[in-house]
Amino acid sequence: MSGRDNDFVVVANRLPVDLNTAPDGTRTWSASPGGLVAALSPVLRTQQGCWVGWPGVPDAAPDPFYTDDGILLHPVRLNQADYEGFYEGFSNATLWPLYHDLIVPPVYNLDWWYAYREVNLRFADEVAEVAAEGATVWVQDYQLQLLPGILRQKRPDLTIGFFLHIPFPSADLYSQLPWRDELVRGLLGADVIGFHLESNARNFLDLARRLELPVSGEVSTRKITAHIETPDGRSVGVGAFPISIEVDEFTDFDDAALAGVDKLRADLGTPKHVILGVDRLDYTKGILQRLLAFEELLETGALDPAEVTLVQIATPSRERIEHYKKTRSQVEEAVGRINGSFSQLGKPVVHYQHRSIDKKVLRLLYRLADIMLVTPFKDGMNLVAKEYAACHDDAKGALVLSEFAGAADELPEANLCNPFDIESVKRSLLTAIKGLEDQPEVMAERMRIMHEQVMTHDVKLWSRAFLDSLKEAKRK
Ligand code: ADP
Ligand code: F6P
């Protein structure tokens with residue numbers, strides 16, 4: 001079905017849907033986790049392109065097929081060894097911790113590097129098979145950093161963009177990587193390389209200078225004003241393109257939706273303050289630290305367990321990797337301990353769900369939450385913060401947001417905190433609660449500004465800015 005006739009191809013490690021196979025062999029698809037999929041799905045619906053990616057389970061590669069929205073999905077097969085070496089190993093136990101500023105120590109393993117190279121080569125074969133002559137190919141994220149370089153060799157007719165969905169570390173940290181030169185060469189196969197923040201893009205330019213590549217111009221946001229000259233005489237544009245959300249999914253609360261919000265509050269026992277956390281269960285997200293802050297506030301009496309409820313929704317993620325297992329058990333132990341100490345019968349003070357929930361329910365929870373806790377140690381952007389602000393055209397609620405989330409650049413009206421400092425998390429949470437009680441107009445004005453910022457800087461703006469820059473780079 002997917003011949004070499006697609007003018008616009010997105011390639012990401014994951015397809016927007018994961019394959020599930022029931023014991024009787026029946027196959028179904030469910031939405032796959034993470035911000036990349038949340039952001040790119042609406043873009044693909046508009047552009048009607050082809051999406052090349054892995055179906056989320058090893059040893060499966062169903063035939064290409066069209067989604068109901070008219071997106072052509074082209075599955076790539078990863079076998080068990082690829083899954084372990086490329087996905088769990090190099091992508092998520094080497095690059096992920098390195099790019100998130102060493103929250104846990106990265107593991108450097110030569111076999112994983114070989115697996116990463118091999119899988120990038122395989123993705124290149126698949127893309128070369130589906131991309132039309134002169135097509136635009138948009139490569140996504142840290143799992144596929146070699147792909148632009150391989151594609152450039154294989155298909156010089158293509159226009160190639162690359163976007164990194166996670167932070168890019170300082171040149172000092174990055175230089176730990178034994179295969180640092182190869183990855184940079186891979187990235188420089190692109191015509192444009194995009195990062196969330198100007199600081200990420202500047203880190204990349206610093207690295208290029210260290211490698212004695214000529215760099216010109218300064219980084220800007222949503223346009224390309226900085227370039228790196230490659231040894232083969234090409235010019236690669238580098239810029240910041242802060243990702244965002246499809247705002248329509250999080251607005252328009254009609255009477256039925258508002259009744260759903262009221263019902264949820266009643267289901268939770270009508271607490272005075274509902275505090276919410278929504279994350280993949282990842283050690284970068286600071287879920288344990290926010291629970292510990294909440295626990296200490298209950299212990300000291302600063303928060304009354306009869307008045308507050310914390311709802312933590314945690315999507316299962318990368319469950320076989322050691323640090324993810326450890327984080328899950330620490331989080332679940334803390335939830336049990338806090339409930340054991342402070343809940344009344346039938347009225348838990350922490351509601352914890354370790355699963356994905358439907359977007360329609362998620363948006364009701366966002367609307368319901370008086371305080372949203374987004375406390376990552378490091379995060380490329382964090383779409384949850386933006387989704388919460390989008391849900392509050394009512395100007396209600398407060399966002400406690402880590403200084404180390406990319407979203408903090410765009411949402412300085414949030415109650416910012418330093419998640420490495422538990423006192424800071426406690427302070428921000430209490431200040432938010434107190435602000436809502438004592439200075440509702442001030443908090444409402446802050447929420448109005450955040451809501452407006454998200455509504456006017458949505459995912460369409462992100463994709464348009466990136467793809468226009470790519471077109472412009474190619475024209476030049
Ligand atoms: P990341 O890409 O690291 O997972 P983001 O905050 O940028 O982090 O994006 C997470 C996305 O996944 C958001 O769109 C959010 O709505 C969604 N999400 C997170 N947790 C859940 C959950 N438990 N159920 C459903 N969607 C979730
Ligand atoms: O943006 C970070 C990211 O790794 C994305 O590539 C992905 O959509 C998301 O987090 C979820 O990760 P995984 O695909 O490993 O479940």
Side-chain angles (χ1 to χ4, degrees), residues 10-18 30-42 51 53-57 78 83 86-93 95-97 99-100 139-145 162-168 195-196 200 242-247 249-250 276-287 311-321 324 351-366 369 372-391 399 401-402 405-408 411 454 459 462:
V10 158
V11 47
N13 174 48
R14 257 184 207 280
L15 287 174
V17 283
D18 280 343
S30 57
S32 50
L36 182 156
V37 164
L40 274 167
S41 298
W51 185 316
W54 169 57
V57 280
L78 296 189
Y83 179 72
F86 157 77
Y87 174 73
E88 295 187 319
F90 199 79
S91 297
N92 290 315
L95 294 178
W96 181 268
Y99 284 31
H100 285 85
V139 182
Q140 310 292 325
D141 229 355
Y142 61 101
Q143 301 94 341
L144 299 175
Q145 290 175 92
F162 178 89
F163 187 78
L164 185 72
H165 290 256
I166 65 174
F168 191 79
F195 299 88
H196 285 309
N200 301 152
I243 204 166
S244 194
I245 59 167
E246 166 72 309
V247 290
E249 290 178 8
F250 298 96
L276 176 65
V278 175
D279 315 76
R280 267 184 315 102
L281 212 167
D282 193 300
Y283 55 81
T284 58
K285 302 287 182 183
I287 302 172
V311 179
Q312 176 65 55
I313 313 285
T315 314
S317 189
R318 307 173 191 166
E319 291 205 276
R320 301 182 344 151
I321 300 175
Y324 287 78
H351 293 258
Y352 169 75
Q353 293 194 343
H354 181 240
R355 70 190 92 126
S356 252
I357 60 169
D358 191 276
K359 272 259 146 69
K360 292 194 187 86
V361 179
L362 183 58
R363 100 186 178 116
L364 302 185
L365 270 174
Y366 283 142
M372 184 80 216
L373 276 182
V374 179
T375 59
F377 293 120
K378 189 83 186 168
D379 211 331
M381 176 55 66
N382 197 287
L383 294 183
V384 165
K386 292 190 171 183
E387 290 169 359
Y388 179 72
C391 284
L399 173 64
L401 178 60
S402 161
L411 303 174
V454 175
V459 75
W462 169 73

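Just follow the structure's listing: the first ligand is 1, and inside any ligand the first atom is 1. The figures that follow rest on heavy atoms only: side chains count, while hydrogens, waters and symmetry mates do not.
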What atoms of ligand 1 come within less than 4.0 Å of a heavy atom belonging to [X]?
X: Val384; answer: 6 (O), 15 (C)
X: Arg280; answer: 1 (P), 3 (O), 4 (O)
X: Ala38; answer: 14 (O)
X: Leu362; answer: 16 (O), 26 (N)
X: Asp279; answer: 20 (N)
X: Arg355; answer: 23 (N)

> How are the rings of Phe163 and His165 set to each other: parallel, tilted or perpendicular (split at 30° and 60°)?
Replying inline: perpendicular

>> Could you work out, for atom 19 (C) of ligand 1, the closest of Asp379, Val361, Asn382, Val278 by heavy-atom distance?
In response: Val278

> For atom 1 (P) of ligand 1, which of Lys285, His165, Gln312 has the closest heavy atom?
Replying inline: Lys285

> Does an N or O anywhere in Ile357 fall below 3.5 Å from an N or O of ligand 1?
Replying inline: yes

> Would one find an N or O of Trp96, backbone or side chain, under 3.5 Å from an N or O of ligand 1?
Replying inline: no

> Any sub-3.5 Å donor-acceptor pair from Thr375's side-chain atoms to Ser402's backbone N or O?
Replying inline: no

> Any sub-3.5 Å donor-acceptor pair from Asp282's side-chain atoms to Thr284's backbone N or O?
Replying inline: yes

May I have a table of the N/O to N/O pairs between ligand 2 and the protein that fall below 3.5 Å, each row giving the two atom names and the distance to 0.1 Å?
unit_1, atom_1, unit_2, atom_2, d
ligand 2, 1 (O), Asp141, OD2, 3.4
ligand 2, 4 (O), Tyr142, OH, 3.1
ligand 2, 4 (O), Arg318, NH2, 2.9
ligand 2, 6 (O), Asp141, OD2, 2.6
ligand 2, 6 (O), Gln143, NE2, 3.4
ligand 2, 10 (O), Arg318, NH2, 3.4
ligand 2, 12 (O), Arg318, NH2, 2.8
ligand 2, 14 (O), Arg14, NE, 2.6
ligand 2, 15 (O), Tyr87, OH, 2.5
ligand 2, 15 (O), Arg318, NE, 2.8
ligand 2, 15 (O), Arg318, NH2, 3.1
ligand 2, 16 (O), Arg14, NE, 3.2
ligand 2, 16 (O), Arg14, NH2, 3.0
ligand 2, 16 (O), Tyr87, OH, 3.4

Contact between ligand 1 and [X] is defined here as a heavy atom of the residue under 4.0 Å from a ligand atom; is it met?
X: Tyr366; result: yes
X: Gln353; result: no
X: Met381; result: no

>> Under 4.0 Å and counting heavy atoms only, is there anything from the protein next to atom 17 (C) of ligand 1?
In response: no

> Quick one: nearest non-hydrogen protein atom to atom 20 (N) of ligand 1, plus distance?
Replying inline: Thr315 OG1, 2.9 Å

> So which protein heavy atom does atom 10 (C) of ligand 1 come closest to, and at what separation?
Replying inline: Gly35 N, 3.7 Å

>> Looking only at the aromatic ring of each residue, does the gap between the centers of His196 and Phe168 stay below 6.0 angstrom?
In response: no

